[in-house]
There are 2 protein chains.
Amino acid sequence: MSTEAEPRLVEQWRAIQSAYLKTSNALDRELSARHGIGLNEFETLDLLAEHTSEKCRMKDLTADSPMTQSALSKIVDRLEKGGYVRRAACAEDRRSLFVELTDAGAKLHEEAAVTHRELLAANLQS
Amino acid sequence: MSTEAEPRLVEQWRAIQSAYLKTSNALDRELSARHGIGLNEFETLDLLAEHTSEKCRMKDLTADSPMTQSALSKIVDRLEKGGYVRRAACAEDRRSLFVELTDAGAKLHEEAAVTHRELLAANLQS
DNA sequence: GGACAGTACATGACACATCATTGGATGACA
DNA sequence: TGTCATCCAATGATGTGTCATGTACTGTCC
């Protein structure tokens with residue numbers, strides 16, 4: 001709240017902003033070039049890969065992702081069209097849908113994860 | 001490069017991502033609600049306000065902003081339509097355009113800057 | 001001074017995110 | 001059981017960003 005704190009906040013914000021934009025642009029560019037998916041697609045695959053033990057509903061994705069429900073629906077559309085993901089009916093609650101990685105999706109995720117980590121290493125100071 | 005460094009990188013990345021998205025969403029939302037401009041519009045006004053001593057060409061904006069030249073052209077369109085900014089011919093180089101804050105633009109910037117700092121304080125840990 | 005590469009900005013086509021809404025399923029309660 | 005509020009997911013309209021390109025001007029080099 002003090003007036004003197006403000007310049008530091010603005011600096012801190014610019015640092016975050018710059019780090020985020022630089023890194024996410026690099027990630028998006030390289031993931032697209034090497035694997036044909038954008039950053040948001042990759043992160044969705046990543047969520048699915050973490051959820052491997054339990055079935056993952058659309059609403060679980062929505063809960064764990066910063067993206068909108070609407071956006072996730074369209075991302076899953078694209079992933080499904082690419083054959084990386086499959087929507088499966090949910091017997092217990094017919095409003096819900098399970099989303100599962102296909103084998104191709106698991107493979108893609110594994111490969112793209114290498115690129116992902118590589119770029120984080122290159123763009124973030126450790 | 002070491003394998004052990006990777007989890008830390010991923011954590012660091014998620015922290016940046018989360019801080020950025022949370023803060024930029026809050027900024028965008030509040031700036032829109034209270035002042036009718038988005039975050040990128042505000043940051044463009046901010047650049048113009050800093051450049052106050054010298055005239056600012058479109059290309060200076062492009063150099064100082066993470067945005068694309070194309071995006072800036074459209075942002076300036078919107079700001080101009082709102083009466084916050086004015087494009088002025090540049091006699092020395094007729095390809096160039098000066099971009100100047102109008103009085104309304106300076107006033108808007110001043111007001112919005114308060115909101116901006118307030119939200120930074122609320123969203124960033126200091 | 002004429003040709004031409006390079007620069008400054010605008011614009012059109014396109015990608016993708018959000019918001020608002022819809023359709024269908026569920027659960028609670030009279 | 002019928003009604004109704006709520007929930008899950010998809011979809012259409014819209015806004016805004018990028019890329020590729022167009023238009024106009026500049027400066028250089030012959």
Side-chain angles (χ1 to χ4, degrees), chain A residues 17 20-22 24-33 36-44 47-48 55-82 85-100, chain B residues 17 20-22 24-33 36-45 47-48 51 55-82 85-100:
Chain A
Q17 206 173 20
Y20 176 80
L21 293 174
K22 211 165 56 86
S24 72
N25 284 338
L27 282 169
D28 207 47
R29 201 172 299 276
E30 284 306 308
L31 288 170
S32 294
I37 54 172
L39 178 53
N40 288 333
E41 275 92 342
F42 172 76
E43 290 184 334
T44 303
L47 280 180
L48 289 171
K55 298 269 193 168
C56 182
R57 293 182 198 71
M58 285 297 295
K59 68 169 201 162
D60 301 323
L61 284 182
T62 303
D64 295 352
S65 166
M67 308 279 308
T68 297
Q69 175 267 319
S70 165
L72 279 169
S73 176
K74 294 173 186 176
I75 288 173
V76 171
D77 278 354
R78 277 175 253 148
L79 289 173
E80 192 172 30
K81 207 155 294 176
V85 136
R86 178 171 43 232
R87 281 187 242 237
C90 172
E92 307 127 39
D93 184 342
R94 293 185 10 234
R95 292 169 300 183
S96 286
L97 284 181
F98 289 125
V99 186
E100 312 165 346
Chain B
Q17 207 173 19
Y20 176 79
L21 293 174
K22 210 165 58 86
S24 72
N25 283 338
L27 282 168
D28 207 46
R29 201 171 299 277
E30 284 305 307
L31 288 170
S32 294
I37 55 172
L39 179 53
N40 288 334
E41 275 93 342
F42 172 76
E43 290 185 334
T44 304
L45 289 181
L47 281 179
L48 289 171
H51 261 269
K55 298 268 195 172
C56 182
R57 293 182 198 70
M58 284 297 295
K59 67 170 203 163
D60 300 322
L61 283 182
T62 304
D64 295 351
S65 165
M67 307 280 309
T68 297
Q69 174 265 322
S70 164
L72 279 170
S73 177
K74 295 174 185 178
I75 287 173
V76 171
D77 278 353
R78 277 175 255 147
L79 289 173
E80 193 170 31
K81 206 154 296 176
V85 137
R86 177 171 44 233
R87 282 187 241 236
C90 170
E92 306 128 40
D93 184 342
R94 297 190 2 238
R95 293 168 301 181
S96 285
L97 285 181
F98 290 125
V99 186
E100 311 165 346

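Since the structure is predicted, the reported quantities are computational estimates derived from the model, not experimental observations. Chain A is the first sequence line, chain B the second, and so forth, proteins listed ahead of strands; every chain is numbered from 1.
- Spacing between atom CG of B/N25 and atom C1' of C/dC19 amounts to 14 Å, rounded to whole angstrom units.
- Closest of all the heavy-atom pairs between A/L31 and A/F42 is CD1-CB, 3.8 Å.
- Distance, A/E41 CD to C/dA15 C1': 11 Å, rounded to whole Å.
- The separation between B/Q69 atom CD and D/dA20 atom P is 13 Å, rounded to whole Å.
- Atom CZ of A/R87 has more than 12 neighbouring heavy atoms from other residues, nucleotides or ligands inside a 6.0 Å radius.
- Between B/L61 and B/V76 the shortest side-chain heavy-atom distance falls below 4.5 Å.
- At least one side-chain nitrogen or oxygen of A/N40 sits closer than 4.0 Å to the OP1 or OP2 atom of C/dA17.
- In this structure, B/D77 atom CG and D/dG15 atom P are separated by 15 Å, rounded to whole Å.
- Look at B/T68 and you'll find a side-chain N or O under 4.0 angstrom from OP1 or OP2 of D/dT18.
- A straight line from CG of B/D60 to P of C/dT7 spans 16 Å, rounded to a whole angstrom.
- At least one side-chain heavy atom of A/L47 sits less than 4.5 Å from a side-chain heavy atom of A/S65.
- B/N40 pairs in a side chain to side chain contact (heavy atoms under 4.5 Å, CB included) with only one of the listed residues (B/I75, B/D28, B/L45), which is B/I75.
- Phosphate proximity of D/dA10 to A/R87: present, with a side-chain N or O under 4.0 Å from OP1 or OP2.
- Looking only at distances, a side-chain donor or acceptor of A/N25 sits under 3.5 Å from a matching main-chain atom of A/L21.
- To the nearest 0.5 angstrom, B/E41 atom CD is 9.0 Å from B/L39 atom CG.
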Between the protein and nucleotides 12-14 of chain C, list the N/O to N/O atom pairs that are separated by less than 3.5 angstrom.
{"residue": "C/dG12", "atom": "O6", "partner": "B/K74", "partner atom": "NZ", "Å": "3.0"}
{"residue": "C/dA13", "atom": "N6", "partner": "B/K74", "partner atom": "NZ", "Å": "3.4"}

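- Checking D/dG17, D/dA9, C/dA17 against every side-chain atom of B/A71, the shortest atom distance belongs to D/dG17.
- Rounded to a whole Å, the CZ atom of B/R57 is 14 Å from the P atom of C/dA10.
- Formation of a donor-acceptor pair under 3.5 Å by the A/D60 side chain with backbone atoms of A/R57 is found in this model.
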**Fill in**
Expected string for nucleotides 22-27 of chain C under the B/S/- scheme (protein heavy atoms, under 4.0 Å, primed atoms plus P, OP1, OP2 as sugar-phosphate) is --BBS-

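- Here the CD atom belonging to B/Q17 is positioned 4.0 Å from the CD atom belonging to A/E43, to the nearest 0.5 angstrom.
- With values rounded to the nearest 0.5 angstrom, A/K55 atom NZ is found 12.5 Å from A/S96 atom OG.
- When all heavy atoms of A/A89 and A/F98 are compared, the closest pair comes out as O-CD1, 3.6 Å.
- We find that CZ of B/R29 is positioned 5 Å from P of C/dC19, with the value rounded to whole Å.
- Following rounding to the nearest Å, A/K59 (NZ) and D/dA10 (P) show an atom-to-atom distance of 14 Å.
- Two end axes, each from the C1' atoms of five base pairs, can be drawn for the helix from C/dG1-D/dC30 to C/dA30-D/dT1; they diverge by 0°, to 10 degrees.
- Closest approach of B/E100 and B/A88 over heavy atoms only: OE2-CB, 3.8 Å.
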